[in-house]
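Notes for the one structure printed next.
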Amino acid sequence: MIKRIQPRVLAKPQSASARRERALIHGPSHITGRWRFPLSANSRRAQSEHTLTQRQIAGRLCPAVGSCAFYLPIFKTAKKPRAGRTHPDIRTVLRWVRSGKMLAIISNVFRASAQRNGAAVIMSARTYADFTTQATFEIKKCDLFKLDEGPATQVVLTRDEGLQYYRIMQTMRRMELKADQLYKQKIIRGFCHLYDGQEACAVGIETSINLSDHLITAYRAHGYTYTRGGTVKEIMAELTGRRGGIAKGKGGSMHMYCKHFYGGNGIVGAQVPLGAGVALACKFQGNNQLCVCLYGDGAANQGQIFETYNMAALWKLPVIFICENNRYGMGTSVERAAASTDYFKRGEFIPGLRVDGMDVLCVREATKFAADHCRSGKGPILMELQTYRYHGHSMSDPGVSYRTREEIQEVRSKSDPISLLKDRMLSNNMASVEELKEIDVEVRKEIEDAAQFATTDPEPPLEDLCNHIFCDMPSLEVRGTNPWAKLKSVS
Amino acid sequence: ALIYLLKYPYLACLRPTQKMNLFQSITSALDNTLASDPTAVIFGEDVAFGGVFRCTVGLRDKYGKDRVFNTPLCEQGIVGFGIGVAVAGATAIAEIQFADYIFPAFDQIVNEAAKYRYRSGNMFDCGNLTIRAPWGCVGHGSLYHSQSPEAFFAHCPGLKVVIPRSPIQAKGLLLSCIADKNPCIFFEPKILYRAAVEQVPEDPYTIPLSQAEVLQEGSDVTLVAWGTQIHVLKEVASMAQEKLGVSCEVIDLQTILPWDIETVCKSVVKTGRLLISHEAPVTGGFASEISSTVQEECFLNLEAPISRVCGYDTPFPHIFEPFYIPDKWKCFEAIKKMINY
């Protein structure tokens, strides 16, 4: 008897192909037994994720090997095997399954089909099941200050966008966790400020601005370096101080730069006037670009931020000030540090938005709104992203002396940005669990390779110690520890 | 033992001592201050729970949250606020979290604190202000956690700049700075916070400012340094004695501004050779000031050019730190060259 499961996913009327699919999945009755197999059930929440009946395996194999004639005697209308291709009989196939070879064959086939289709490798060649290509979501309304209307609350997320965001956020998360691991192994030394928990901010912002726009942030910069165009390899090599690093190993964790990304700044609050300056240059050059200038809740109390607000508003600079409020300025909670924790109102004469920074769609919409505001010449705008960091301030901070582990766990379980996106996509049939798992696997591999590179790449040469102090003064003799030991600065 | 007691009069009464490292001796000094001076307040970033280097552990519980409190993240605000507290008559001890972050406050220190007494004709002063900051390289600090900015402040009359080398000196010098009627900046070598351990007296005691200390008598070369570098030079002195038979006189400058010209010059007159060493970049570092003053005063006594073994003229590097710092081999090489001049 065919067990009928009515998943929410396949709510469509049963076409012939859908019926065939169900029959394939459940298979003929003579195939029995369970096999532990990494492929998880196609949204079959009733079943465990890690096991498939052999019927199901057999059902999946059929599309892959191109024919089901020999396999399902009930379908007499099934296609004949194509000329020139021999199909393995079912016993051979099952032997492959037991030996684990099927996974390789299936992934090869899918890869081939993907190349043919030009789509990204998706584990399940779901030619029969449809993913919804886009869905509309209701997001939290933003608090507004000096604005009549805010960003949209109904947003459309397409499947491709969702997968892209998921991939980027997962890469950032794994990269930070890998950095944590390498730091504990003392391969990375110095200071390392990790960004996990705040990925939605970086991804949301980047998707709403162009690569030709500018961005500057403080020291928690690994995520932004990635979204702005750095590769994981370069970032990790910079953390370990090797010559393959994005700043040639001379900057370290806090000083990573790439095109239109001005770092990576160590001194708290010092990057905000710089950001306003970049915006002034954009306005002056008339290239319709803007500058996104980020700082934290601790930096929001620095005097130079207020000086910058004044200049930006006075000269109507196209700058988006973004305060990433992760509730703690190193070890001090915002209530103990700020007279007013409404950071989006601190601009006083600059309009402000308060945004849920754990939801990538909220951040995206708000940044889009802010970018439109700036590009239309209305001047600066201030956004406060309410977010959270799971790690401590830096690797030397355990992160639990000023907050409880329960709090961290609560945020992780309720508002983790990656989980939020994943749940949204899965519950609206925009992706399958195994598809996302496949992305996870690829991301993990990428990070492993990058860590390998970062550990084995050689360090920069000693001559680099004195390079790049000044410009256009080659062969500058750099005086050093002894009067006779001078190094030459060759660039 | 008697000579030891005579040499260190502050230990003469054989008071009860306790094994303390540098940050504990700082805590002890602050504890003594808060106990004896009812107007003393300590403030800075994160000082309430004890500070990022544990220098103020337990003080808030003991003396109350209106005397030991956190400020928001604003160095200019911290120092400006401290100047105000000092002018009004309370003893202010401000902490800047790292010496590298003192630059937003540079204007307040140089333009306000240092010039207050002068510009008001002695009517007002902020002598009750002491600024403490962790200082110096630490092995993995990189650009913004390893700087030694004493030279910037040495150029500013009206301030006193003090750097201890060990827990006993730290406590005594800090208490002198707090008692001193001039605004003082007290740099604490962060690499020594845990590494330097000594038996420090629990009672308050002061070590006079603007007095350099001769740690080791010698007749051939004078070695001058302050803070962490003194320990390097002590090792260099023993290396020189062993390998070159050169007897070195090691002087700890302790107070950078106003510095003890007399002790250093007397020593150079005796030995004829001078080596000055610090981690800060060589151009414009404090060694240049010592060097030029000494050559003015003791020109004819010099047997060899004054040698400065300092950091390179680059920003403090991230991965190149072991090459950058003036370690014992570079100093030893310098002594060899001076002896063979």
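So that the names make sense, note that chain A is the first sequence line, chain B the second, and so on, each numbered from 1. Heavy atoms only: backbone and side chains are in, while hydrogens, waters and symmetry mates are out. If you're wondering where the values come from, they're calculated on a predicted model, not measured in any experiment.
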Shorter than 4.5 Å, heavy atoms on both sides: which option in [options] has the most such pairs with chain A?
options: B:E45, B:H140, B:Q76; value: B:H140
options: B:F98, B:Y144, B:Y101, B:F103; value: B:Y144
options: B:T71, B:N70, B:L73; value: B:L73

Practice item. Counting only heavy atoms closer than 4.5 Å, note whether B:E279 contacts chain A via side chain, backbone, both or neither. Key: neither
Point to revise | Contacting region of B:V52 [heavy-atom separation from chain A under 4.5 Å] | key: side chain
Exercise for review: Please examine the side chains of B:F320 and A:E459, heavy atoms only from C-beta on, and report whether any two atoms are closer than 4.5 Å.
Suggested key: no
Review point. Hey, are the side chains of B:Q97 and A:M330 touching, using non-hydrogen atoms and a 4.5 Å cut-off?
Key: yes
Practice item. Working to the nearest 0.5 Å, report the span between CD of B:E321 and CZ of A:R189. Key: 8.5 Å
Point to revise | NE2 on B:H318 to CE on A:M254, rounded to 0.5 Å | key: 8.5 Å
Does any backbone or side-chain atom of [X] lie under 4.5 Å from a heavy atom of chain B? Answer side chain, backbone, both or neither.
X: A:R242; answer: neither
X: A:Q302; answer: both
X: A:A300; answer: neither

Check your understanding: More than 12 non-hydrogen atoms from neighbouring residues, nucleotides or ligands closer than 6.0 Å to CZ on B:F152, yes or no?
Key -> no
Check your understanding: How about A:R403: does its CZ atom have over 12 heavy atoms from other parts shown lying under 6.0 Å from it?
Key -> yes
Practice item. Determine the option with the most heavy-atom pairs under 4.5 angstrom with chain B, choosing from A:P460, A:S396, A:G329, A:G266. Key: A:P460
Practice item. Would you mind telling me which of A:I267, A:D397, A:T240 has the largest number of heavy-atom pairs within less than 4.5 Å of chain B? Key: A:I267
**Study point:** Closest approach of A:G249 to B:I319 (non-hydrogen atoms, all atoms of both residues)
**Key:** O-CG2, 3.7 Å
Check your understanding: Looking at A:G251 and B:S142, what are the two nearest heavy atoms and their distance?
Key -> O-OG, 4.4 Å
